[in-house]
Number of protein chains: 4
Amino acid sequence: MTTNAKKKRIRQKPEERLAEILDISHKMFVEKGYEATSMADVAKQIGIVEGTIYRYFKTKKDVLISVLERWYNDALADYTHNLAGITGVKNRLHFMIWHHLNVLKAEPALCDMIVQHVRVGIDYEATKIFELNKAYSSNVDKIIKEGIQNNTFRSDAPITLIRDMIYGGVEYHAWRYVTGRSNRLDVDSIADQISDVVYRALLNTDNKGSGQPRQNDNSAILAKLEQLEQKLDKLS
Amino acid sequence: MTTNAKKKRIRQKPEERLAEILDISHKMFVEKGYEATSMADVAKQIGIVEGTIYRYFKTKKDVLISVLERWYNDALADYTHNLAGITGVKNRLHFMIWHHLNVLKAEPALCDMIVQHVRVGIDYEATKIFELNKAYSSNVDKIIKEGIQNNTFRSDAPITLIRDMIYGGVEYHAWRYVTGRSNRLDVDSIADQISDVVYRALLNTDNKGSGQPRQNDNSAILAKLEQLEQKLDKLS
Amino acid sequence: MTTNAKKKRIRQKPEERLAEILDISHKMFVEKGYEATSMADVAKQIGIVEGTIYRYFKTKKDVLISVLERWYNDALADYTHNLAGITGVKNRLHFMIWHHLNVLKAEPALCDMIVQHVRVGIDYEATKIFELNKAYSSNVDKIIKEGIQNNTFRSDAPITLIRDMIYGGVEYHAWRYVTGRSNRLDVDSIADQISDVVYRALLNTDNKGSGQPRQNDNSAILAKLEQLEQKLDKLS
Amino acid sequence: MTTNAKKKRIRQKPEERLAEILDISHKMFVEKGYEATSMADVAKQIGIVEGTIYRYFKTKKDVLISVLERWYNDALADYTHNLAGITGVKNRLHFMIWHHLNVLKAEPALCDMIVQHVRVGIDYEATKIFELNKAYSSNVDKIIKEGIQNNTFRSDAPITLIRDMIYGGVEYHAWRYVTGRSNRLDVDSIADQISDVVYRALLNTDNKGSGQPRQNDNSAILAKLEQLEQKLDKLS
DNA sequence: GATGAATGAGTATTCATTCAT
DNA sequence: AATGAATGAATACTCATTCAT
């Protein structure tokens, strides 16, 4: 009953403890990076002991994944709702891209960690992040399909590839920003450009007899010419 | 009179030794991965001591970078030559993409190392890899500019972004293959699709009806015909 | 059923573990020298793994410094007490020198390490060793000042320099012993000689003929007599 | 006979090569310190190759020792001549101390190397440095003996110890300067003070019946009183 | 005399994770 | 539930020196 200088064992509700671990980890991962943050650091910051963290998480990477999942889940929380309120294939595409860029811009460090530490993991595809991402990016597929349905987009649109070009393109373009090498990322402009590119690439042109189709025929002619050339080459 | 365990000091020409180190390192990095390969392993495999490697390279990462540079340099060696022989904006774009996919397909492990170990480094932009890459991908820019010049492409084509969408898209799409999670990568199909998407997205639609697509291909055809004519001239 | 090689995890109180590490390190440093003692050696000797040592010390040098601090602290533990019981400037000086020589004589190897490894360090002056030493050697200053106060010593005695000549002289003289090149160190004789030299060098000679030497000793004698008187008082 | 870009083998007279090695080594040792200077550095600086150095010196430490010997020899070159021109025991002592301080002040880094790297070596006493030093410091002995001869100094002067107190004191005092921690060293003042201390400590006082001798008697009285005190203590 | 490629030995340190208390 | 002491595994790098050419 005397005053004891020793650490007081503060027992907390599991959920609170869990949230606390995630909060502090999140903060420290962002501040110092994943690798530079030690479990001891995190524990000390919370005022607990390493072992305690391991009652809640199996490994350090689990902590990271949980942090990222929680954040990613929140980051993707209301886009569905917002997307629902947007009409027009192009607008909807634009929104998806714009939203994704905003996510990158808001938490570049966490995005980087997904790329660097989670997506490379052999078990990535068992991850909730993967699931979230799949669901998230599948919206692009849906939008394109909608576009095909209503004849805005041509029926042979390479959906998967377009999706990859969007997300890959965004990621590639934002790379310097995400890794902290640049501090400029013009979300609006990029979203405009990408959605425009996609829109133009998929636009249905069958209805007016002009344009591209003939295009293809020309390339066939070119191929033929090349064959001729080769034959001539052999002659000489 | 039995086998003598004493190491014989074998003196070799620096270039040969260097090549040897790069060869073995290359092999082992691909086989076991960068981190799992120890300098001691490499040295033993060559039949020298670790210290010798450090006469040629400052750090292990330097070895990796040299391996990658050498390979990447070779991988990009003749594409310029080949590209020169290809006419038509679309064909040229297609070739660039197709070539890049082939590079990825041929050495997925090395590509992965560039992404995982080199591109994340703070000094990446001082790397020869970076330079090679810049020169390499700038060809896409050039091709698009050519397309704009001859009115195939619209003048407001977002060049940089297209480049990012191409390379980002390729990388994103090939990700599972590069990381060894998939063993299928349909180079031709992807190249077709991406180049088609890009082509369509950039196509100049300003001209009335007949317009410039035809013009474009006509000029390519004309160019080809000129070449043919020249060859015929030589024959006679 | 034979001896099981598996290490049993023995948990110990931090203070005990710490002391154990210091004890063994002390022993091995003295026996083999600092550089020739590897952390692995120390750990094995204790029956723990290297990592455990690093829970208690940041670096190997930290271990050394701690060993030296602990020892030096003990070595200087009761000299203050003893010094207090000694009267007469000369006797007090003599004691300081004699004591220092004893410290050197008792642990020449550790003294050597202070000189070789600690005092050369750029951060020596942030060391507890430095502090201890400062406090320790400042006694010489005090004694000289006392001597000046009671007119035994001349008022222009170069205090700092005398201190340096004492400690430098001792160190220089004991050098061969400390470095193990000689095994003879006549503590009493050296202490006598040095204190005598200092005493003579500082003696106040300003007073005419009879003067202050006598005065000095007289005051010491008077002080002593007063003490005696007090004791006699207590007896009665 | 054609221009050859390969390194020209410049053959030099051995003495010149030797001097060159010593010059460059000297320079680099002073600039970067002994340990931080690699043989490769030195060789490159000269424009030769490591192996060549080893044709002139057996080990790196040999190079250091030669550098130091050469320098030390020069530094002590003319002091004998100058000393010869100085009369009076005190003046001569003062000169020795002053000269030594000047040596320290001129090349603190080299002095430090003698202390750190040469004097600790097991073979120090086989060194020319040791010899030089012995010859050098023996002058102090001689001067004191001269003083004794002409009755300036008392006949029981502790010669060796005085020498140690001089050199040890100087070294101790100059420590911070020599190790680069301080950039102030008041040569004249220190030389004055030390020589004065020594002079006073050794001064012959027998001729005038006053002073110190009685002094000693007093301490005998004190000792007696202490004995009395102890007896009284036992009584109580 | 010179070269310079090759040697070789040596070890401190980190930290996620475990498990006895 | 919490503690926190102990584990353990793993390796890049340096450079004085040698010796085959």
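These numbers come from a predicted model, not from an experiment. Just so you know, these numbers use all the heavy atoms, side chains as well, and skip hydrogens, waters and symmetry mates. In what follows, chains carry the letters A, B, and so on, assigned in the order in which the sequence lines appear, proteins first and then strands, with residues in each chain numbered from 1.
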Donor-acceptor contacts, no H, no angles, side chain residues 107-119 of chain A, under 3.5 Å, sequence neighbours left out:
| residue | atom | partner | partner atom | Å |
| --- | --- | --- | --- | --- |
| Glu107(A) | OE2 | His26(A) | NE2 | 3.4 |
| Arg119(A) | NH1 | Glu171(A) | OE1 | 3.0 |
| Arg119(A) | NH2 | Glu171(A) | OE1 | 3.2 |
| Arg119(A) | NH2 | Glu171(A) | OE2 | 2.6 |

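- Phe57(A) comes within 4.0 angstrom of nothing in the nucleic acid, heavy atoms only.
- Here the closest heavy-atom approach between residue Phe57(D) and residue Ser66(D) is recorded as CE2-OG, 3.3 Å.
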Going 5' to 3' through nucleotides 14-20 of chain E, assign each nucleotide B (protein heavy atom under 4.0 Å from a base atom), S (under 4.0 Å only from sugar-phosphate atoms) or - (no protein heavy atom that close).
BBSBBSB

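- Contacts of Arg55(B) classified as salt bridge (charged side-chain N to carboxylate O under 4.0 Å, His left out), with partners at least two apart in sequence or in another chain: none.
- The side chain to side chain contact (heavy atoms under 4.5 Å, CB included) test applied to Asn73(B) returns Lys128(B), Leu132(B), not counting sequence neighbours.
- The shortest non-hydrogen separation linking Leu68(B) to Ile129(B) is CB-CD1, 3.5 Å.
- For Phe130(D), the ring pair (Phe, Tyr, Trp, His ring centres under 6.0 Å) partners two or more places apart in sequence, or in a different chain, are Tyr124(D).
- Under the ring pair (Phe, Tyr, Trp, His ring centres under 6.0 Å) criterion, Tyr72(C) pairs with no residue at all, not counting sequence neighbours.
- Pairs of residues two or more places apart, or lying in two chains, that qualify as side chain to side chain donor-acceptor pair (under 3.5 Å) and include a residue from residues 34-44 of chain A are Lys32(A)-Asp41(A), Ser38(A)-Asp41(A).
- In this structure, Asp62(C) has no salt bridge (charged side-chain N to carboxylate O under 4.0 Å, His left out) partners at least two apart in sequence or on a different chain.
- Residue Ile53(D) contributes atom CD1, which lies 13 Å from atom P of dG4(E) at whole-angstrom precision.
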For DNA chain F, please output the secondary structure as dot-bracket, reading 5' to 3'. Pairs are Watson-Crick or G-U wobble, both atom distances under 3.5 Å; mark crossing pairs with [ ], other-strand partners with |, unpaired with a dot.
.||||||||||||||||||||

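- Put simply, CG on Asp62(C) is 13 Å from P on dA12(E), counting in whole angstrom units.
- Here the P atom of nucleotide dG8(E) and the CD1 atom of Ile10(B) are 12 Å apart, to the nearest Å.
- Rounded to an integer number of Å, the gap from NZ of Lys44(B) to P of dT7(E) is 14 Å.
- A search for salt bridge (charged side-chain N to carboxylate O under 4.0 Å, His left out) contacts involving Arg11(C) returns nothing, not counting sequence neighbours.
- Not counting sequence neighbours, the partners of Glu20(B) by the salt bridge (charged side-chain N to carboxylate O under 4.0 Å, His left out) test are Arg17(B).
- In this structure, the CG atom of Asp41(C) is 12 Å from the P atom of dG10(E), given to the nearest Å.
- Contact check of residues 12-33 of chain B against DNA chain F (heavy atom, cut-off under 4.0 Å) returns no residues at all.
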